[in-house]
Amino acid sequence: MKDLGANNLIGRTRAAVWHPCTQMKQLEASPPLAIARGEGAWLIDTDGRRYFDAISSWWVNLFGHCNPRINAAIIDQLGKIEHVMLAGATHAPVVELSERLSSLTGLGHAFYGSDGSSATEIALKMSAHYWRNVGQAEKNGFISLQNGYHGETVGALSVTDIPLFKDTYAPLLRHSVQVPTPDARLAEPGESAEAFALRCADALETCLAVHAATTAAFIVEPLVQGATGMAMYHPAYLTRARELCDQYDVHLIADEIAVGFGRTGTLFACEQAGIKPDFICLSKGITGGYLPLSAVLTTDEIYAAFYGDATARGFLHSHSYTGNPLACRAALAVLDIFGTDQVIAANRAKSLDMTKALAEVAAHPRVRHFRHLGMIWAFDVIDAAPAFATRFHQAALAHGVFIRPIGSTVYLMPPYVVAPDEMTLLAEGVLQALNLSLAA
Ligand SMILES: *Cc1c(COP(=O)(O)O)cnc(C)c1O
């Protein structure tokens, strides 16, 4: 078969692939990269051009592409069993992963899905089902944060609050209640992030006082609201939310799908607030960006409410690929790397170096709200033109960096394997892309 090269791949993708989160017509002006392979933090296209994957392939990649240790684990598992259904069967990778996630989160049994949205669905259903099992079936509503994001499936979209994704499907969605976001950018002049977070927690209390009797759970992205544009907030909000959820008998669901596995500087973001949620949703980085997998862990008390002789009392939810052995082995390899390479400690130093490298960006006259937590950096561009995100994306590509701004917010979420010289290159790329896209 004749290899027709990159241009043809782009033509064929436009003809055959419906790309996610994309107005397909825009691919005429802004074609996708045709990626042939990956190497560490780099993506290499079919013409051999290299791009630094500065957003970790939609926030999933932790230890680089084609990581030898994760590759080896998957290859080893391929020689044993690629998949077996998890109803009526079990296997070592899923047992070991469940044990390790439990000891890391302090939560009990792990229930598996295939992606983040299904983890959200599982947590919402489990929470409402718990209340039904304990005789409080009227507690089946949900509270979430303004500007929050929990996925695109109909249930997850119901607790999401991003108009661009949500409004079109509004007639399909179940009503949920939104409370003010503690996004530190919204603090009054002179008000600290902590004081603002506590003020927002008061609003949560007011909401709970009205709705607790009909509310199953409050679902939240801990510390960073990713999809709205890396909105960051003070951990005091979560500490107070935990107290309020206890006080008003409402579950706290921590959606750590984006922030889990070290993104915010601790293995899980909730650790920074010193809290344990009733449910934790994990996905994205869980397999190092290799295979689709999500997990929901919950307390022994909630688990126990499903345990009994009546079948319908059990959690009768399933996905065909639940607990896929290859994905679990990738996840175990990721946890091994966290341990042997002391990744959390190493990232602390990297985080400081990267912030230093971005000093000129942070001081740029068109940049405001430069913010940073763990391995996430973000800033907002003042008076950005409507086409800013596309222009910036293309200007950055010309400098060998793959970045996709969210509106006027530019963010970096590099794989943890980012090296010192790559930080310099990344910072220069951002600065040049910024100047180019603003000059255009
Ligand atoms: C990405 C994301 C999801 C959805 O995960 P998918 O795998 O894309 O379905 C849910 N919640 C948060 C916080 C996310 O960032």
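Whatever order the structure lists ligands and atoms in, that order sets their numbers, starting from 1. Hydrogens, waters and symmetry mates play no part in the numbers below; they use all other heavy atoms, side chains included.
Salt bridge Arg329/Asp76: present, at least one basic N to carboxylate O contact under 4.0 Å. Ion pair Asp380/Arg185 flagged as a salt bridge, since at least one NZ, NE, NH1 or NH2 atom sits closer than 4.0 Å to an Asp/Glu carboxylate oxygen.
In this structure, Phe379 has its ring center at least 6.0 angstrom away from the ring center of His369.
Protein residues with a heavy atom closer than 4.0 Å to ligand 1 are Trp59, Asp115, Gly116, Ser117, Tyr149, His150, Gly151, Glu221, Asp255, Ile257, Ala258, Lys284, listed by chain and number.
Note that the CH2 atom of Trp42 and the CZ atom of Phe52 stand 6.5 Å from one another [nearest 0.5 Å].
For Asp336, the side-chain hydrogen bond (donor to acceptor under 3.5 Å, both in side chains) partners are Arg100, not counting sequence neighbours.
Side chains of Thr46 and Arg37: no donor on one and acceptor on the other come within 3.5 Å.
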